[in-house]
Amino acid sequence: MAAPSHRPAPSTGGAPQAGPATPLVALKDVDFAYDERPVLRRISFSLEPGDFVGIVGPNGSGKSTLVDLIDGIHQPGAGEVLVKGVPTRRYRRKDMAREVALVPQHFDLDFDLAVREVVEMGAYCLGKDPAALSDPELTLARLGVADLASRRFSELSGGEKQLVVLAQALMQQAPLLLLDEPASALDVSHQLRLFDLLKELNADGLTVLCILHDLNLALHYFDKLLVLSDGEVAAFGPPDDVLRPEVVEAVYGVRAYLHRHAGRTYLTFSPRLRGERRGRVHLICGGGTGAGMMRELADAGYEVTAGVLNALDTDEETGRELGLEMIVEAPFSPVGDEAHVENLALLRSADLVVVSAVPVSHGNALNIAAAREALAAGIPVWADEGVRAGDFAGATDGLAAAGVQFFAGEEALLTAVRARSLPGSGRTTAVGAAAARVAAPPEDDSQPEGAAT
Amino acid sequence: MTKLARTGAWPGILLAAGILLVCLVLALALGPAPLSVGRIWHLLLAGPVQGDLDNAIFWQIRMPRVLVASLVGAALAVAGVILQDLFLNPLTDPYVTGVSSGAALGATIGIVLHLSNLPWITVLAIVGGLGTLVIVWMAARRRGRIDIFVLLLAGVTISYLASALVTVLMIKANEDMTAIIYWLMGSFSGRGWPDVRVALVTIPFMVAPLFFTREMDILLQGEKRALELGVEVERTKRLLLVTAGVLTALAVSVSGIIAFVGLVVPHIVRLLIGPGHRGLLPVSLLAGASLMVLADLLSRTVISPNEIPVGVVTTFIGAPLFVYLLRRGRRV
């Protein structure tokens with residue numbers, strides 16, 4: 001049977017009407033609904049041959065449905081899905097399988113087939129043309145698992161099964177490979193191996209569109225990302241442009257922070273407390289003694305400010321990643337008068353001033369003075385007991401007499417934060433005082449209501 | 001490598017064909033008047049001759065009965081393979097689609113109306129079976145797709161309904177009750193050449209699925225995966241369902257409802273040679289024929305001159321064999 005031979009090179013293809021300028025995949029104003037429930041709305045984007053694109057988005061945002069639409073499994077309610085310029089509804093399944101291969105999210109087989117047989121099924125769409133027939137052994141070898149060929153599929157581990165399904169999809173020799181969360185069942189080493197493999201296949205000319213959940217992998221591996229949010233394209237473009245913290249916050253409803261480490265960018269996340277705006281806390285810290293508190297307070301919904309910190313100090317860097325308002329002095333310099341004045345102005349608008357266990361020397365003694373000013377202005381000041389031990393300037397003497405409440409280390413403060421009993425957010429100072437007792441239990445363990453939370 | 005996989009089914013097929021041949025010879029030879037193998041060969045070459053008792057036993061009694069039994073067994077086994085793998089449900093047999101119950105209802109109506117066995121009872125059974133298939137089919141169709149799960153439920157429901165109607169008819173026509181019960185239990189007693197002609201119609205429907213072995217293999221991964229790999233799933237499903245339905249209706253119309261063959265033969269063969277349909281379908285076909293011929297032989301010889309219903313015998317042979325193979329484990 002002399003079927004028209006098909007090669008995986010993306011520029012050649014079996015579909016009619018495919019001009020040189022036609023994108024491999026194009027979606028134009030696509031709407032899709034399951035029964036009455038709308039899943040995708042006004043989706044428009046296109047993929048060029050050789051693209052390496054990741055799709056990210058929350059659960060239920062329509063990622064799998066989008067992939068199924070491109071493979072012609074579903075037809076859009078409105079708009080058009082074109083593969084090589086031809087609407088997917090005009091493809092027969094066999095012709096579609098020659099253009100688009102899909103690696104499904106869930107794959108299992110209750111029947112006792114050899115891996116070779118499972119992989120060979122991928123060549124179904126190529127018909128009986130021996131010239132076009134792919135070799136299952138070679139395909140497995142390309143993925144580095146040639147030894148699996150004679151094993152039973154049902155005996156494989158989850159990671160091995162995933163590679164076998166990938167091999168099955170590659171047997172189709174289609175120019176476009178779609179993957180639906182291929183990494184979700186894999187450990188970290190298999191994940192990296194899989195994405196490296198995809199990168200290699202892409203370098204050989206395969207166009208890849210891959211759904212994934214790990215935003216850091218998305219950031220590091222893909223040339224472009226498509227962010228789906230509630231059935232719409234929230235962003236499409238290079239990862240650094242697309243995965244900005246404000247986009248992640250808007251799409252996922254979590255706090256996102258960008259960090260740079262060893263030349264790479266990483267995102268970290270914290271849950272966001274819905275709609276609750278809390279009070280304003282000013283931190284006096286430095287040398288990394290305040291970094292943990294900064295993040296916990298910010299995550300808990302407090303507006304955090306800090307000062308005076310030296311530039312390049314660990315706390316200053318953390319504050320910058322968290323986007324805090326801070327008063328910053330030049331690196332390795334003592335707190336200058338100008339910075340001190342700015343710091344005073346900043347902390348006057350705080351509901352609470354917290355002093356970390358920062359070592360105090362003449363260089364930053366002015367910050368402790370600022371805390372006294374806050375007390376004088378009627379703003380409560382809480383201080384880590386450790387600050388007295390690390391005071392080499394005598395600046396903390398008499399703080400207790402001035403009305404500072406001491407707490408027993410960072411953990412005690414964080415307990416109070418989690419119990420949501422810091423001053424601010426409309427709570428009375430009495431509640432704040434109760435929290436202070438929680439924070440320092442040895443002084444007030446007779447108060448039952450303090451332990452109740 | 002690919003060639004090796006393709007030839008891999010042949011040893012199993014040849015072995016199964018050999019076993020069937022042995023079963024056929026035994027069934028032709030044994031009975032109240034035993035015939036030697038040489039005599040069988042002689043009679044086979046001579047063809048039907050008037051006035052010779054051995055010849056009459058061979059050509060008019062045993063041959064048609066053995067042929068009907070083998071065709072019915074093969075048809076039920078092939079239908080069983082198709083339905084188990086289409087439903088992806090190991091407990092499926094050709095009777096869950098409701099086709100057999102519909103056929104039974106048709107046959108019962110024929111018996112109650114005192115119509116002749118051939119063609120009327122057979123025709124009514126076929127009409128009942130295929131009519132049920134159409135009803136179940138329409139219940140399971142949604143937006144041009146056949147929902148396999150709904151089809152299964154509809155089939156089971158229709159089965160109960162048809163069985164209830166059969167029961168009502170049995171009570172109404174008490175003098176025919178024995179005939180109805182006998183028919184329901186299944187038998188090859190007294191089957192002649194007209195029955196063979198009906199059973200021969202199954203052959204194209206047994207051959208057709210052999211052209212869809214790759215599609216059936218791929219469908220083991222589920223309908224969605226099959227679509228992704230390029231199978232026209234709805235078309236294939238439709239073709240296979242109609243094939244299995246027609247095979248079941250034809251088989252039931254000439255033999256009644258014979259239990260266990262359609263359920264157990266595909267499982268036994270799958271355990272022996274694996275789930276790939278290039279081997280599974282032809283070997284099940286041959287094994288179904290062998291089992292049925294053997295069961296019929298036992299049913300008419302063990303307590304001769306009385307007959308045990310053949311469905312009882314298939315169960316007695318199939319059940320222990322199946323349990324033994326299950327105990328031996330999946331890999332044989």
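Residue numbering restarts at 1 for every chain, and letters A, B, ... go by the order of the sequence lines. Values below: every heavy atom of this structure, side chains too, minus hydrogens, waters and symmetry copies.
- For A/Asp68, the part lying near chain B is the side chain, with the backbone staying farther off; criterion is any non-hydrogen pair under 4.5 Å.
- Between the A/Arg93 side chain and the B/Leu227 main chain, a donor and an acceptor come within less than 3.5 Å of each other.
- Shown here for A/Cys125 and B/Leu229, the closest heavy-atom pair between the two residues is CB-O, 3.9 Å.
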B/Leu220 and A/Leu113: side chain to side chain contact (heavy atoms under 4.5 Å, CB included), yes or no, with the steps? CA-CA 10 Å; B/Leu220 293 181; A/Leu113 284 166; 4.2 Å; yes

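- Of the inter-residue distances, the one linking A/Phe111 atom CZ with B/His277 atom NE2 reads 7.5 Å to the nearest 0.5 angstrom.
- When each of A/Leu178, A/Leu102, A/Val103, A/Val100 is checked for a side chain to side chain contact (heavy atoms under 4.5 Å, CB included) with B/Glu228, only A/Leu102 meets the rule.
- More than 12 non-hydrogen atoms from other residues, nucleotides or ligands lie less than 6.0 angstrom from OH of A/Tyr34.
- No other option in A/Met96, A/Arg92, A/Lys94 has as many heavy-atom pairs under 4.5 Å with chain B as A/Lys94.
- The most heavy-atom pairs under 4.5 Å with chain A, out of B/Asp85, B/Ile218, B/Val233, come from B/Ile218.
- Proximity of a side-chain donor or acceptor of B/Gln221 to a complementary backbone N or O of A/Leu109 within less than 3.5 Å is not detected.
- Atom NE2 of A/His213 sits in a crowded spot, with more than 12 heavy atoms from other residues, nucleotides or ligands closer than 6.0 Å.
- Counting heavy-atom pairs closer than 4.5 Å to chain A, the top-ranked of the candidates B/Gly276, B/Gly274, B/Pro275, B/Ala226 is B/Pro275.
- Residue contact with chain A, scored on non-hydrogen atoms closer than 4.5 Å, involves the backbone and the side chain of B/Val231 alike.
- Nearest approach of B/Arg225 to A/Pro104, heavy atoms of both residues: NH1-CD, 3.5 Å.
- Remark: B/Phe316 CZ is loosely packed, at most 12 non-hydrogen atoms of other residues, nucleotides or ligands lying under 6.0 Å away.
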